[in-house]
Protein chains: 2
Amino acid sequence: MIEERYHHGDLRQALLAIAKQQLTSHGFESLSLRAISREAGVSHAAAYRHFPNKEALVAALACTGFEQLQAFVEAEVMQYGADPREQFFQCGIAYIKFALHNAPLFRVMFGVSGADRLQYPATHAAAQASFGVLVGTIQRGQAAGLIGAGEPRQLAFTAWAVVHGLATLALQDQITSQQGAIDSERLVRNSAKLLWNGLKYGQA
Amino acid sequence: MIEERYHHGDLRQALLAIAKQQLTSHGFESLSLRAISREAGVSHAAAYRHFPNKEALVAALACTGFEQLQAFVEAEVMQYGADPREQFFQCGIAYIKFALHNAPLFRVMFGVSGADRLQYPATHAAAQASFGVLVGTIQRGQAAGLIGAGEPRQLAFTAWAVVHGLATLALQDQITSQQGAIDSERLVRNSAKLLWNGLKYGQA
DNA sequence: AAGCAATGTTACCACTGTCAACATAGAGGT
DNA sequence: ACCTCTATGTTGACAGTGGTAACATTGCTT
């Protein structure tokens, strides 16, 4: 029987999958290397053959998160291939959608241990790549004459900041908890338009 | 001698102070209730007379963080009492300054355990209060006719999102690690102007 | 077939958060 | 002054954690 073999086959992958599962079901705080290994039917020290420590496991998890994010945003954006303005909007909306639907993972991606992300090249690269989607959208907007001049990376960075800020604050339950019960969908739309106005008139 | 008395006097306060210190010096990950108690010269269980658990201690820490943030931003903003536009800018710049100078604390404030901040009314209230500074600035801008119409809370929320996003991403070393070495000061200025443009023309 | 590197296991360590049982101090009523 | 009650602090335990070292097994490579 295949299940009882000494070597797992692809333990690294399995650990990551289980980790993601436990992350979403039990939260980051109670993410435990031992529990993950247990679930994988493997001893608690086996994980150390694939990750130098827990932080590395988490970083790898974040890496997959960025890949997912990029794939998701790209897919959503591509549905509006003709309209750079709507592409730009969808970029942000997709980002926030992803954050809200994958809250714990999103928090890991930008989480506490994110400070030393440079230590994990793969994770860092994945993050950069996902950023590239936004840059591309902006560049298309500029090419179409819908976005004013400016270094696209910097414009993208500002746009990213808006959307990332909204996502973060939304996850904080800060949106719904504001008295007045702000509608998040409308909020995103409004913010995007606001930003779009700013972009149209360029920086100066 | 006062130091050796059985009762500490104001242990709760002392624990928080030491916690903040250890947080900034050793990072959030290695923040330990026992280490804090040890440093306070008190037994490892003493902390439980003042906080139901570690999470509550961290929440209290976050609370002080928000208070500091509010005080800092208010102080900076008030230097530009005459000019609502500059006030608005300074609001954001101060926010980011605070985040960069108190990185670990800032991360705790919006950290992993932030999701259930509603469980800690004091912390939540402090967060709301700090948000109020920005709302006030926007309202003054509107009163001066420099910011278009719109529900001030929502405008403030967008502005907050931008600035919070920038701060978060900056902490991620995402700014400096972008090839091209974006200058963060300029970035903030540009972003603020961008947003200001958007605000001037109102939402639609 | 032999051997070697990759992968798992067991046993241990120091440490953590948390709790229950006990000790002490100090405030307030008598 | 005393006595009691409650707030605060201590000790000792427990289960669970991340991490390491020594040992076991596997399967690729030659």
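Letters A, B, ... mirror the listed sequences (proteins, then strands); counts begin at 1.
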Contacts under 3.5 Å, N or O only, protein and nucleotides 11-16 of chain D:
| from | atom 1 | to | atom 2 | distance (Å) |
| --- | --- | --- | --- | --- |
| dG12(D) | O6 | His44(B) | NE2 | 2.7 |

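The aromatic rings of Phe110(B) and Phe106(B) lie tilted to each other, with the angle between the two planes from 30° to 60°. Under the 30°/60° scheme for interplanar angles, the aromatic rings of Phe98(B) and Phe72(B) are found to be tilted.
In this structure, the CD atom of Glu55(B) is 14 Å from the C1' atom of dT18(C), given to the nearest Å. Between the CZ atom of Phe51(B) and the P atom of dC19(C) there is a distance of 16 Å, rounded to whole Å. Atom-to-atom, CD of Gln22(A) to C1' of dT17(D) comes out at 14 Å; the value is rounded to the nearest Å. The interatomic distance linking Leu33(B) (CG) with dT17(D) (C1') rounds to 16 Å, in whole Å. Summarising the geometry, the separation between CD on Glu29(A) and C1' on dT18(C) is reported as 16 Å, rounded to the nearest angstrom. In this structure, Ile36(A) places its CD1 atom 12 Å from P of dG19(D), rounding to the nearest Å. With rounding to whole Å, Arg12(A) atom CZ is found 11 Å from dT7(C) atom P.
Residues meeting the salt bridge (charged side-chain N to carboxylate O under 4.0 Å, His left out) test with Glu86(A), sequence neighbours left out: Arg189(A). Remark: His26(B) pairs with no residue by the side chain to side chain donor-acceptor pair (under 3.5 Å) rule, at least two apart or across chains. Take Phe89(B) and apply the ring pair (Phe, Tyr, Trp, His ring centres under 6.0 Å) test, not counting sequence neighbours, and it matches no residue. Residues satisfying the side chain to side chain donor-acceptor pair (under 3.5 Å) test with Arg38(B), not counting sequence neighbours, are none.
Residue pairs meeting the side chain to side chain donor-acceptor pair (under 3.5 Å) criterion with at least one member in residues 63-73 of chain B, sequence neighbours excluded: Lys20(B)-Gln68(B), Gln70(B)-Glu74(B).
Where Pro52(A) and Arg49(B) each meet DNA chain D at their nearest nucleotide, the meeting point lying more 5' is that of Arg49(B).
Residue Val42(B) places its side chain closer to dG9(D) than to any other of dG9(D), dG17(C), dT7(C). The side chain of Lys54(A) lies closest to dG18(D) when the candidates are dG18(D), dT16(C), dG9(D). Listed nucleotides: dG19(D), dG8(C), dT18(C). Nearest to the side chain of Tyr48(A): dG19(D).
Residue contacts for Leu31(A): at a heavy-atom cut-off of 4.0 Å it reaches the sugar-phosphate backbone alone, with no base atom in range.
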